[in-house]
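Below, each value reflects all heavy atoms present in this structure, side chains not excepted, and no hydrogens, waters or symmetry copies. Each chain gets a letter, A, B and so on, in the order the sequences are listed, and its residues count up from 1.
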2 protein chains.
Amino acid sequence: MGVSKFENFSTKQNLIASYSKALSHPARVAILEEIIKKKKVTCGHLVQNLSLAQSTISQHLTELKNTGLIHGDVLGSSVEYSINQKHWQKQKSVVEVFFGKVKF
Amino acid sequence: MGVSKFENFSTKQNLIASYSKALSHPARVAILEEIIKKKKVTCGHLVQNLSLAQSTISQHLTELKNTGLIHGDVLGSSVEYSINQKHWQKQKSVVEVFFGKVKF
DNA sequence: AGTTTATATCGCAATGTTACGATAATACTC
DNA sequence: GAGTATTATCGTAACATTGCGATATAAACT
């Protein structure tokens with residue numbers, strides 16, 4: 001029991017769910033806002049600005065990377081994270097279409 | 001450990017996270033789509049259309065109700081669920097502002 | 001090569017989510 | 001009132017998520 005039954009739902013429904021899940025924790029929202037503000041941001045910068053351990057932030061970054069919202073460019077010994085414009089726009093439009101289904 | 005540190009983040013960040021969490025499971029996306037399509041929908045109707053147990057669907061409905069996205073009107077022995085237009089619009093605008101922060 | 005710096009990954013504990021069956025609660029029907 | 005129908009809640013099992021410290025990995029610097 002307790003196992004999510006993703007196969008019962010459409011690809012589109014799973015896509016919306018997966019995109020929304022990326023934003024479903026305030027730490028990830030905060031990370032994205034910081035990336036947007038600074039354009040490029042390292043893990044170390046985020047560690048200094050958010051009150052979370054380095055390993056925790058790295059984990060959130062990996063999640064955001066996996067959904068496609070950001071990408072990391074290796075720069076010497078550090079990694080610069082920035083918004084993946086293509087996926088951002090895709091998620092933006094998918095979510096907006098969903099919310100637009102309700103007519104006022 | 002493993003306890004989410006919501007207090008480290010702003011009210012706005014927690015709001016976006018909480019709204020997004022409501023859409024972070026395909027069953028809830030499917031439920032919302034069905035409600036939008038039919039305008040009003042009972043729990044029983046959803047049980048017939050989604051392959052999930054009655055108790056599971058009732059649980060998802062309660063979650064959607066708690067975030068404010070839908071409300072239920074008692075109608076005899078059943079309950080008719082519909083979109084809470086006010087909260088829907090609020091969530092729509094909060095999410096759109098967030099996505100709009102990235103300029104292309 | 002050894003040291004420092006930056007990030008990722010592992011292992012684990014605490015908590016949260018998802019699903020179901022069983023049962024309770026409420027409102028109609030006879 | 002007894003029986004039926006509809007929804008909510010309880011209890012519980014199986015995962016999943018979040019967080020941290022410790023450790024691994026990789027690049028840069030002496």
Q. When you measure from every atom of DNA chain C, which of residues 38-49 of chain B have a heavy atom less than 4.0 Å away?
A. none

Whole-Å gap separating [atom2] ([N]) and [atom1] ([X]):
X	N	atom1	atom2	value
A:H60	D:dT17	NE2	P	12 Å
A:L61	D:dT18	CG	C1'	15 Å
B:I57	C:dT18	CD1	C1'	13 Å

**Q.** Protein-to-nucleotide contact annotation, 5' to 3' order, nucleotides 21-30 of chain D [B base; S sugar-phosphate only; - none; under 4.0 Å, heavy atom]
**A.** BB----SS--

Under 4.0 Å between any heavy atoms, over every strand shown, what does [X] touch: base, sugar-phosphate, or nothing? Just pick one.
X	answer
B:S4	sugar-phosphate
A:Y81	sugar-phosphate
B:E63	sugar-phosphate

Q: Check DNA chain D against residues 20-36 of chain B and give the residues with a non-hydrogen atom under 4.0 Å, in numerical order.
A: none

Q. Taking DNA chain D as the partner, which of residues 8-19 of chain A come within under 4.0 angstrom of it by heavy atom?
A. none

Please set out all donor-acceptor pairs under 3.5 angstrom arising from side-chain atoms of residues 22-32 of chain B, sequence neighbours excluded.
{"unit_1": "B:S24", "atom_1": "OG", "unit_2": "B:K21", "atom_2": "O", "d": "2.7"}
{"unit_1": "B:H25", "atom_1": "ND1", "unit_2": "B:A27", "atom_2": "N", "d": "3.1"}
{"unit_1": "B:H25", "atom_1": "NE2", "unit_2": "A:S4", "atom_2": "OG", "d": "3.4"}
{"unit_1": "B:R28", "atom_1": "NE", "unit_2": "B:A22", "atom_2": "O", "d": "2.9"}
{"unit_1": "B:R28", "atom_1": "NH1", "unit_2": "B:H60", "atom_2": "ND1", "d": "3.1"}
{"unit_1": "B:R28", "atom_1": "NH1", "unit_2": "B:E63", "atom_2": "OE1", "d": "3.2"}
{"unit_1": "B:R28", "atom_1": "NH1", "unit_2": "B:E63", "atom_2": "OE2", "d": "3.3"}
{"unit_1": "B:R28", "atom_1": "NH2", "unit_2": "B:K21", "atom_2": "O", "d": "3.2"}

Q) 5'-most contact on DNA chain C: A:F6 or A:V79, nearest heavy atom basis? A) A:V79

Donor-acceptor pairs are to be reported for all side-chain atoms of residues 71-83 of chain A against protein atoms at under 3.5 Å, with residues two or more places apart or in another chain.
none

